[in-house]
Protein chains: 2
Amino acid sequence: MARSSSRRAPGSPAGEPGNGEEGNRRTELIRAAARLFREKGYDATTIRDIANAVGMRSGSPFYHFKSKQDMLRAVMSEGLQQALAALEEVAARPAPPRDKFRGLIRAHLATILEPSADFIPVLLYEWRALDQESRAEVIAVKDRYEAIWQNCLRELKKAGLLRRDGKMERLLMFGALNWIAQWYKPGGGLSIDQIADQALEFFLCPARTK
Amino acid sequence: MARSSSRRAPGSPAGEPGNGEEGNRRTELIRAAARLFREKGYDATTIRDIANAVGMRSGSPFYHFKSKQDMLRAVMSEGLQQALAALEEVAARPAPPRDKFRGLIRAHLATILEPSADFIPVLLYEWRALDQESRAEVIAVKDRYEAIWQNCLRELKKAGLLRRDGKMERLLMFGALNWIAQWYKPGGGLSIDQIADQALEFFLCPARTK
DNA sequence: CCTACCGATCGGTAGG
DNA sequence: CCTACCGATCGGTAGG
């Protein structure tokens, strides 16, 4: 029952009357937590940091979350669900393998590189801070996320655009893409789409790349 | 002056008489710190954890290091210097571009995957925990480490084994390789050399890969 | 390198 | 959602 508040659209404006208020405060807290967890790490972020970021006092976040761990779980779980939804939308659109692959790369890079897209970087780099019990919930969604990629790799191989389509290749690609979050600065030299194109060219076989 | 103790060989046995004792205790502390920083993160690791790991009481590490930050700096800085030495040894041996590239990959993977090789993973994943003042010292060594790779990429391109040899390609490769530290479990299915060969095949152009 | 300790800060709670 | 607070723990130090 307490979970049903997460059904509300996360981006809806705060000015509206009715039961939207509570969900908006919760969403504000999750966003602030995601940003701080990414910038300073889970352990270096205090409840007081998060509360201050949304104009609350130190005890008040516990009205919305039962613990700091629960905030981390929410950041990772809800962030990954949004990322999966975006990826599924791309995967559902019919397209040749190479175009679909580029779409997946773009969606993934948007998820980890766009300003205020802190959720998945937190998932990637704060995983060990998540309690053992909460991990299964996230892993279940991650499996679906990875399956979409593995399907795409299979199609690419069938089309002769990739030499191997094993788990190893998927992990090498994920590493290359996820690492970008470590050095990319928004507003720098390259746009997300330009980076996506360069990664695409790096991953695929040159013979039929055009 | 205080730094001169780091000249001592880090692996020398502890049983010997003379001035070797102090350096060995310091080395034990750095190793324990590296392992704990990697497992739990810098902020989640306490001085007491590190002291206990080598059989000391909580105040004693401060006889060897002036602060917890100083231990992190030592882990990163001395770890990277060792990694650079290993990489330079490979780079100095004359070999065709493809073989040299495989040698670099193997050296790098050994540095991040071998049991008790915790130093560079700490450098990679705890960077933000390092004080601003200590970063320059590490960056200077990192620049030399990266220059070796960039040189090798240039030779690979000249030999027609690589399409592009820019900074972007180096970063994509580093990401793919460094990410392996996130999922690799020693004693699992693949050896480090087998992983190196698969990565090599993934990175290079297929036409002349054999 | 140990004993004994300190000030600061942390996650979390009671009661409203 | 705030006020006021608590027990626990932390990095670090003095003195030996």
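These values consider heavy atoms only, across backbone and side chains, with no hydrogens, waters or symmetry-generated copies. Since the structure is predicted, the reported quantities are computational estimates derived from the model, not experimental observations. The chains referred to below are lettered A, B, ... by the order of the sequence lines, with proteins before strands, and numbering in each begins at 1.
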**Asked** Want to settle it: does B/S60 or A/I47 sit nearer the 5' end of DNA chain C, counting the closest nucleotide to each?
**Response**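 Whichever sits nearer the 5' end wins; that is B/S60.
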
**Prompt:** For C/dT3, which nucleotide in any strand shown is its Watson-Crick or wobble partner with both distances under 3.5 Å?
**Reply:**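 C/dT3 is paired with D/dA14.
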
Could you check how far [atom1] of [X] sits from [atom2] of [N], rounded to whole Å?
X	N	atom1	atom2	value
B/D49	D/dT9	CG	C1'	11 Å
B/F65	D/dG11	CZ	P	15 Å
A/D43	D/dG11	CG	P	11 Å
A/K40	C/dC10	NZ	C1'	12 Å
A/L72	C/dG11	CG	P	13 Å
B/F62	D/dA14	CZ	P	12 Å
B/R57	D/dG11	CZ	C1'	18 Å
A/K68	D/dA8	NZ	P	19 Å

**Message:** On DNA chain D, compare the nucleotides closest to A/H64 and A/S58; which residue's is nearer the 5' end?
**Reply:** A/H64

**Prompt:** Want to settle it: does A/R48 or A/G55 sit nearer the 5' end of DNA chain D, counting the closest nucleotide to each?
**Reply:**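 Its nearest nucleotide being more 5', the pick is A/G55.
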
**Message:** Can you confirm if the NZ or CZ of B/K142 lies within 45° of the ring axis of B/W127 and under 6.0 Å from the centre of its six-membered ring?
**Reply:**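 Geometry flag: set, cation within 6.0 Å and 45°.
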
**Message:** Heavy atoms from C-beta onward define the side chain here; which of D/dC1, C/dG12, D/dG11 lies closest to that of A/Y63?
**Reply:**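 Nucleotide nearest to A/Y63's side chain: D/dC1.
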
**Asked** Any ion pair linking A/R73 and A/E133 (charged N to carboxylate O, less than 4.0 Å)?
**Response** no

**Prompt:** Should the ring pair A/F174 and A/H108 be called parallel, tilted or perpendicular, given that the plane angle runs from 0 to 90° and is split at 30 and 60?
**Reply:** parallel

**Item:** B/S134 side chain to B/D131 side chain, donor-acceptor N/O pair below 3.5 angstrom
**Value:**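 B/D131 and B/S134 do not have a side-chain donor-acceptor pair below 3.5 Å.
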
